[in-house]
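Scroll down for the structure; my scribbles are underneath it.
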Amino acid sequence: VQLQASGGGLVQTGGSLRLSCAASGRTFNNYDMSWFRQAPGKEREFVAAIRRGAVGTGYADYVKGRFTISRDNTQNTGYLQMNSLKPEDTAVYFCAAREGVYSFNYLIYDYWGQGTLVTVSS
């Protein structure tokens with residue numbers, strides 16, 4: 001499956017953005033989908049995930065209550081709604097997919113989008 005992330009941009013503290021992850025090539029609902037992010041000089045970290053069929057979700061503590069992950073399998077697209085953004089949310093955001101159950105470990109994901117930059121100004 002090929003993934004393409006979009007929707008990043010520059011936003012002020014407290015603002016919102018919605019990221020999209022468009023999938024192509026294979027049946028999107030065969031995969032769990034996750035979002036990761038990577039800030040300059042830091043390791044890639046887990047943000048949120050959603051099971052195939054949207055039967056369950058998971059969030060990192062630092063985004064819980066502010067970010068919402070969703071998917072529309074009819075449109076082969078996943079989303080990350082980000083509210084109440086903070087400067088520390090500044091990073092390149094990546095969507096990823098795997099055929100197994102989602103994981104916090106980015107190393108085991110099979111498919112990645114190219115990343116979209118989110119910058120939150122203070």
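Positions are given from 1 along the sequence.
- Under the 3.5 Å distance criterion, the side-chain polar atoms of Ser84 are left unmatched by any main-chain donor or acceptor of Arg66.
- Under the side chain to side chain contact (heavy atoms under 4.5 Å, CB included) criterion, Gln75 pairs with Asp72, Thr77, not counting sequence neighbours.
- Proximity of Phe104 to Tyr106: side-chain heavy atoms (C-beta onward) are nowhere separated by under 4.5 Å.
- Residues Arg37 and Glu45 form a side-chain contact, since some pair of their non-hydrogen atoms from C-beta on lies under 4.5 Å apart.
- Nearest heavy-atom pair across Ala23 and Leu3 is CB-CD2, 3.8 Å.
- At least one donor-acceptor pair under 3.5 Å links the side chain of Arg71 to the backbone N or O of Phe28.
- When Leu19, Val63, Val118, Thr116 are each tested for a side-chain contact (heavy atoms from CB on, under 4.5 Å) with Leu80, only one passes: Leu19.
- One N or O on the side chain of Ser103 and one on the backbone of Asn105 form a donor-acceptor pair closer than 3.5 Å.
- Val92 approaches Leu117 most closely through the heavy-atom pair CG2-CD1, 3.9 Å.
- With Leu85 as the partner, the side-chain contact (heavy atoms from CB on, under 4.5 Å) test is satisfied by one option alone out of Thr119, Thr90, Val11: Val11.
- Closest approach of Tyr102 and Ser34 over heavy atoms only: CB-OG, 3.7 Å.
- The closest donor-acceptor contact from the side chain of Gln114 to the backbone of Ala5 lies under 3.5 Å.
- Here Arg98 does not pair with Asp32 in a salt bridge; the nearest charged N to carboxylate O distance is not below 4.0 Å.
- Contact record, Ser16 with Asn83: OG-OD1, 2.9 Å, taken as the closest heavy-atom pair.
- Counting only distance, with no hydrogens or angles, the side chain of Thr13 and the backbone of Ser121 share a donor-acceptor pair below 3.5 Å.
- To the nearest 0.5 Å, atoms OG1 (Thr68) and CE (Met82) are separated by 11.0 Å.
- Within the 6.0 Å centre-distance limit, the rings of Tyr31 and Tyr111 are counted as a close aromatic pair.
- Tyr93 and Tyr59 end up in the same hydrophobic cluster when Ile, Leu, Val, Met, Phe, Trp and Tyr side chains are linked at under 4.5 Å.
- The side-chain heavy atoms of Cys21 and Gln4, taken from C-beta on, include no pair separated by under 4.5 Å.
- Salt-bridge annotation for Lys86 and Asp89: absent, with no side-chain N of the basic residue lying under 4.0 Å from a carboxylate O of the acidic one.
- Qualifying salt bridge (charged side-chain N to carboxylate O under 4.0 Å, His left out) partners for Arg26, counting only residues two or more places apart in sequence or in other chains: none.
- Closest approach of Asn29 and Arg52 over heavy atoms only: O-CB, 3.1 Å.
- Both tests pass for Arg18 against the ring of Tyr79: distance under 6.0 Å to the centre and angle within 45° of the axis.
- Contact record, Gln2 with Gly25: OE1-CA, 3.6 Å, taken as the closest heavy-atom pair.
- Using a 4.5 Å cut-off on side-chain heavy atoms (C-beta onward), Phe46 and Trp35 make no contact.
- The environment of Glu88 atom CD is dense: over 12 non-hydrogen atoms of other residues, nucleotides or ligands sit within 6.0 angstrom.
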